[in-house]
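Everything numeric here is computed off the predicted structure, so don't read it as measured data. Just so you know, these numbers use all the heavy atoms, side chains as well, and skip hydrogens, waters and symmetry mates. First the proteins, then the strands, lettered A, B, ... as listed; each starts at 1.
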Number of protein chains: 2
Amino acid sequence: MSDTPESGTRSRTRRAILGAAASVLARDRGATLADIAEAAQVGRSTLHRYFPDRKVLVDAAVADSFRVVERSTAEAAIDQGPPLEAMRRLIAAMVDVGDRLAFLFGDPRVLEEAGCSEPDPFEPDPSVPTTIGLIERGQAEGVFDPELGAEWIQQVLWALVYTGWEAAEKGQLPRHGVTSTVIRTFENGVVTGKR
Amino acid sequence: MSDTPESGTRSRTRRAILGAAASVLARDRGATLADIAEAAQVGRSTLHRYFPDRKVLVDAAVADSFRVVERSTAEAAIDQGPPLEAMRRLIAAMVDVGDRLAFLFGDPRVLEEAGCSEPDPFEPDPSVPTTIGLIERGQAEGVFDPELGAEWIQQVLWALVYTGWEAAEKGQLPRHGVTSTVIRTFENGVVTGKR
DNA sequence: TGTTTTTGAGACATTGAAGTCTCATTATGG
DNA sequence: CCATAATGAGACTTCAATGTCTCAAAAACA
């Protein structure tokens, strides 16, 4: 209960470790704690000092990445304005936190999230607008394909952002082109002759 | 050099192990050799008898899955007929071998494949039509978006098939609906009002 | 049936990552 | 500048997965 706010140094170190964990694990799920410590420019002992064991670290990294992604996407204000515009802002925000997203995307527990809607430990706050909500709003307004399930569309959204991040990672796609490419593909697919 | 063709029993066992490896590893990259042996309904000692160590097994499973996928997609005859039709056949064929594809998709070495075009150990045979070839043909005929890179389109193709497989795996999508949903999304994206 | 393959159970040894601990060194903040 | 906080290096232990081997049972086959 008595919650000493934690010194500046400590919280900075903690952040470095969490960031490194997300970044390293996004690229290699089997990465070693030593790998993560090295990426965080921190001794392995220090890492263990902050996070007793691997499970604790990964859990914390997941929670932290959720916060980061949530904060980024919150700024997109996806409950405001036309769904298409909102979706574009959302995609841009997601691409901005690409490696956090890739990390979450690769975690088996997080992937299940969309399936079971009941015991969702994340985003229980009804005041935070959800992606599904945006999609359903768009479908109601006839902007998004109503014959596709909202969950499916969400999965596609994640998959495309992830693919874009990965392509940039491999140098297949320039960083600055990822967002527009993902948006274009997400909205229109790959076949020409629309509109 | 002297290549005894291997008894029927042995080749059947070998196939069971390779299939189980792909299937199990597709769902959990960190799976244990014991897990794989169990899925193959084979003793752990038998597995080691066929594949001395993990690396050999995984390599063999990758090669095997490549063959399976290639055989399935070859039947799609993607160099025949209109690109759109060919692509639909290709997608159907890929969905059919979903777990093999998911396994390959999850293997770090395979993912790099599209990046470097030179030392590609797979598909060096110019008589086998490539996915990239189909995409470029489609772009040349104005069917596929020419502003998107062919490699990007290929990545999207893989990602959507994988997402479809995963959705079916989680019960989010009925098995029989995967192919049409993937095709629809791949071709048109999620926004309505085309054509 | 009898012979040869093929297999499974289980007893090891090995390995590498995970986790624990100490202690000297470095950084931080008053 | 000093007291305290924070860190890094490294020596250990633990542990689970791996890899090796033997032997008796089961299956395939002629």
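- Per the geometry, CG belonging to B:D35 stands 13 Å off C1' belonging to D:dT18, to the nearest Å.
- Applying the side-chain contact (heavy atoms from CB on, under 4.5 Å) test between A:R54 and each of A:L47, A:D59, A:L33 identifies A:L33 as the sole match.
- Of the N and O atoms on the side chains of B:R27 and B:S23, at least one donor lies less than 3.5 Å from an acceptor on the other residue.
- Residue-to-nucleotide proximity on DNA chain D shows that, of B:T9 and B:T32, the 5′-proximal contact is made by B:T32.
- Between the P atom of D:dA9 and the CG atom of A:L47 lies a distance of 13 Å, rounded to the nearest Å.
- At least one cation-pi condition fails for B:R88 and B:F186: the charged atom is not both under 6.0 angstrom from the six-membered ring centre and inside a 45 degree cone around its axis.
- When rounded to the nearest whole Å, the span between CZ of A:R12 and C1' of C:dA27 equals 11 Å.
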Verdict with supporting geometry, A:T185 and B:W152, side-chain hydrogen bond (donor to acceptor under 3.5 Å, both in side chains): CA-CA 10 Å; A:T185 308; B:W152 167 253; 2.9 Å; yes
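- Using a 4.0 Å heavy-atom distance criterion, B:S45 is classed as a base contact.
- If you take CZ of B:R54 and P of C:dA17, they are 13 Å apart, rounded to a whole angstrom.
- Close to C:dT6, at under 4.0 Å from its OP1 or OP2, lies no side-chain N or O of B:Y50.
- Of all nucleotides listed (C:dG19, C:dA17, C:dG8), C:dG19 comes nearest to the side chain of A:H48.
- Position along DNA chain C of the nearest nucleotide to A:F51 versus B:Q41 favours B:Q41 as the more 5'-ward residue.
- Atoms CZ (B:R10) and P (C:dT5) sit 11 Å apart, rounded to a whole Å.
- Look at B:T13 and you'll find a side-chain N or O under 4.0 angstrom from OP1 or OP2 of C:dT7.
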From CA spacing to verdict: salt bridge (Lys or Arg N to Asp or Glu O under 4.0 Å), B:D64, B:R100: CA-CA 9 Å; B:D64 181 62; B:R100 297 296 190 137; 2.7 Å; yes
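- Residue B:V42 has its side chain nearest to C:dG8 when only C:dG8, D:dG19, C:dT7 are considered.
- At C:dG8, one or more side-chain N or O atoms of B:T46 fall inside 4.0 Å of OP1 or OP2 (strictly under the cut-off).
- The nearest whole Å value for the distance from the NZ atom in B:K55 to the P atom in D:dG19 is 12 Å.
- Among the protein residues, A:E38 comes within range of no part of the nucleic acid, since none of its heavy atoms lies under 4.0 Å from any strand.
- At a cut-off of 3.5 angstrom, counting only N and O atoms as typed in the model, there is a donor on one side and an acceptor on the other between the side-chain of B:R44 and the base of D:dG19.
- When the P atom of C:dC21 is taken as reference, atom CG of A:D53 falls 13 Å away, rounded to whole Å.
- Here A:R49 lies in heavy-atom contact (under 4.0 Å) with a base.
- The A:L33 side chain lies nearest to C:dA18 when the options are D:dT7, C:dA18, D:dG19.
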